[in-house]
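FYI, side chains are in, hydrogens and waters are out, and symmetry mates aren't considered; it's all heavy atoms of this structure. Order of listing sets the numbers, starting from 1, for every ligand and every atom in it.
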Amino acid sequence: MIDFEILERDGIARIGRFTTPHGTISTPALLPVVHPDPARQPIHPTEIAGEFGLPAVITSSYIAWRTPKLRSRALSEGIHGLLGFSGPVMTDSGAFQQHAYGSVEVAPEEILDFQSRIGSDIATVLDIFVEPTSGRAEAERGVATTETRAREARARRDGLLAVPVQGGLFGELRERSATSASEVGDVLAVGGVVPLLEQYRFGELAQLLIAARPGLAPEHPVHLFGTGHPLSFAFAALLGVDLFDSSSYHKFARRGALLFPEGTVPCEEVREPICSCRLCAVHPLPKVAEMPAAERELHIARHNLLACSVEIARVRQAIREGTLWELAERRAAAHPALLAGLKQVVRGARVLVPAEPVARRSFRAASPLSSMRPGVIRFLARLRNFQSGRGPYRIRARVPLTPGSLRHIPAHGPDGSPILWECPTPIGPVPLELTELYPVGCWVGVEEFEPPSGSGPAPEAPAPEEEAVAAGDTDWTAAWTERQVAGLLEWQYGPDATALATRVTGERSRRTARLRGASGPDGRWFVFGPGAIPRPTWRGAVELHRTLGYPRARIVVDGDAVPFVLQGKSLFSRFVRGGDSSLVPEAPALLVDPDDRLLAVGRLLLAPYEMGRLTRGVAVRVTAHAKDRGERMEEEAEVPGYVGYG
Ligand code: GUN
Ligand code: ZN
């Protein structure tokens, strides 16, 4: 069983790691394809690992098996001895050769056992490469045969096993294949896509990855066979791909083609030193074009490998920052085929939404697709159900949320009914009290930077309701603060939570007027962090726990982990028993024991559907618990049955 652990994430893209007998693989990772014959490999795997920061490689066990000289050396020295490399080595099985040459002459169990005997760290089942041109019956046979072979392979091998996911362009076959691969595989390797990548058919690639998604168990890394162009890394990572492999760096070098994340450039066309990588700094590209063929190929292969390595690093950095969508959109600007692919991702957003974080630090619009990111789609969907502040009065106006402005904005009409102020935003009108939420609160788009136009529409005339209520010198700030606290509590915890708003007083920043916190008579109950999410203190958690029915906002902790969570330790995935399945990463959650006694409050790192399934790593980071920050003991005693845990 693979020990895959998720450390950070952006949607379904994740920074993870797992161990192999020859070292840890940190994901997303690119595994360069190396030739099993060292004489035919241009860059030694030790150099690939040391100089290019790509510490794991993939090689073809089939080529090693088929070539007598390589076969006997691999059997006597092991694959690591043959390659002269001590890092993780994944081996492929020969299905690619079946695609390229029509058939392979090895039995599935023979090539599997061969991979085990030569000490492969991750062996691959000999799958049937289902072509995108295959009809339904053929694709179904390919999936069925791959499934049978995978089950047999699992019975023959204890080590890590990559199980291919096939199915051609048939979505339901992809899902079925992914489901059965998840039952026996360690690495789930989506295959049969090389023709799509070669033909820039990113839309169909997105469709099949989205179709497979519900079947791909989250506790396994997902590999995509044949993605070696840096153009496609951000796109594939956005669709949940953890492992990439490719021979592109070498294949393109043989025909003099330079890889960049923005596309491919033929070396002989380069007249200017356009690459700033450390290799091209020493040998400027216009000079490389004049090198003797062999030397030129080697320089280009090295440049290509470095370009791939840097792009994978950028993808990882973007995941850590929560900016992967932005990176994918910027890459898509380089090629319309990729933009077509991203459009399909947007259409399949339903599979991404459960892993969409409750908020990100920033939202920078990068393309016309920005306003269709899953975070926006979810925001708009939830807006339709939002109740707080609805009444007979509705005013559409741009009302600035600045210190001093709120006092002049009436919150109620003359009859006491709330007035809903709807503020224009790049994604449509949003109630004033929700304008600090992600994504509208941190939206950076072109709208902000456009010069004011003299010929634009005149400011909207005040609606009759507005005139009716605008008179008088009431200070509306306090009324607004209560409305906003209620609105944000409803947004995060549902309509039942709005009752708490009458028991707290909101506090705003004097500089920005943004909500900072909300306190009851006995201190802080909520802190409004980035994205205006009300995060409970221990005191607030006690109130929320009383107010919200089980299992709302809760994660249930296994009895064995209760003492640790009580002390403020993080909750590990394997100790999660269940909880509110509507929670998403970064959301606040009440951690309770199996009898619904409150233990702590935390912030989700995993989505609920991942919890309990990943055997390693943290599911919820505890942000407050009964005993921290000098909380008074009587508060603990207020929680029925709590004291028993001491
Ligand atoms: N390499 C490229 N595509 C594939 C595939 O579908 N299966 C296997 N095993 N290897 C591949
Ligand atoms: Zn370069």
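Checking only distances, Gly191 never comes within under 3.5 Å of ligand 1, N or O to N or O.
Contact annotation for Asp127 and ligand 1: only side-chain heavy atoms (C-beta onward) come within less than 4.0 Å of the ligand. Contact annotation for Gln166 and ligand 1: only side-chain heavy atoms (C-beta onward) come within less than 4.0 Å of the ligand.
Side-chain N/O atoms of Thr146 and Gln166 include no donor and acceptor closer than 3.5 Å. A donor-acceptor pair shorter than 3.5 Å cannot be found between the side chains of His22 and Thr20. Side chains of Ser60 and Asp92: a donor-acceptor N/O pair is absent below 3.5 angstrom, by distance only.
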Practice item. Go through the steps for His303 and Phe260 under the test ring pair (Phe, Tyr, Trp, His ring centres under 6.0 Å), then give the verdict. Key: CA-CA 9 Å; His303 158 92; Phe260 291 99; 4.9 Å; yes
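The backbone N or O of Leu224 sits less than 3.5 Å from a side-chain atom of Thr227, completing a donor-acceptor pair.
When SG of Cys275 and SG of Cys277 are joined through the Zn ion (ligand 2), the resulting angle is 100° to the nearest 10°. Computed with the Zn ion (ligand 2) at the centre, the His303 ND1 to Cys280 SG angle is 110°, stated to 10 degrees.
For Phe233 and Phe244, the gap between ring centers is short of 6.0 Å.
In this structure, Gly226 does not count as a contact residue of ligand 1, since none of its heavy atoms falls inside 4.0 Å of the ligand.
Among protein heavy atoms, atom 6 (O) of ligand 1 sits closest to Gly192 N, 2.7 Å. Among protein heavy atoms, atom 10 (N) of ligand 1 sits closest to Asp92 OD2, 2.6 Å.
Using cut-offs of 30° and 60° on the angle between ring planes, the pair Trp65 and Tyr62 is parallel. Relative orientation of the Phe235 and Phe202 rings is perpendicular, given thresholds of 30° and 60° on the angle between their planes.
Applying the 4.0 Å criterion to heavy atoms of Ser93 picks out, from ligand 1, the atoms 9 (N). Remark: ligand 1 atoms within the under-4.0 Å shell around heavy atoms of Val194 are 2 (C), 3 (N). Those atoms of ligand 1 with a heavy atom of Ala95 less than 4.0 angstrom away are 7 (N), 8 (C), 9 (N). Atom numbering of ligand 1 starts at 1 in the shown order; those under 4.0 Å from a heavy atom of Phe129 are 3 (N), 4 (C), 5 (C), 6 (O).
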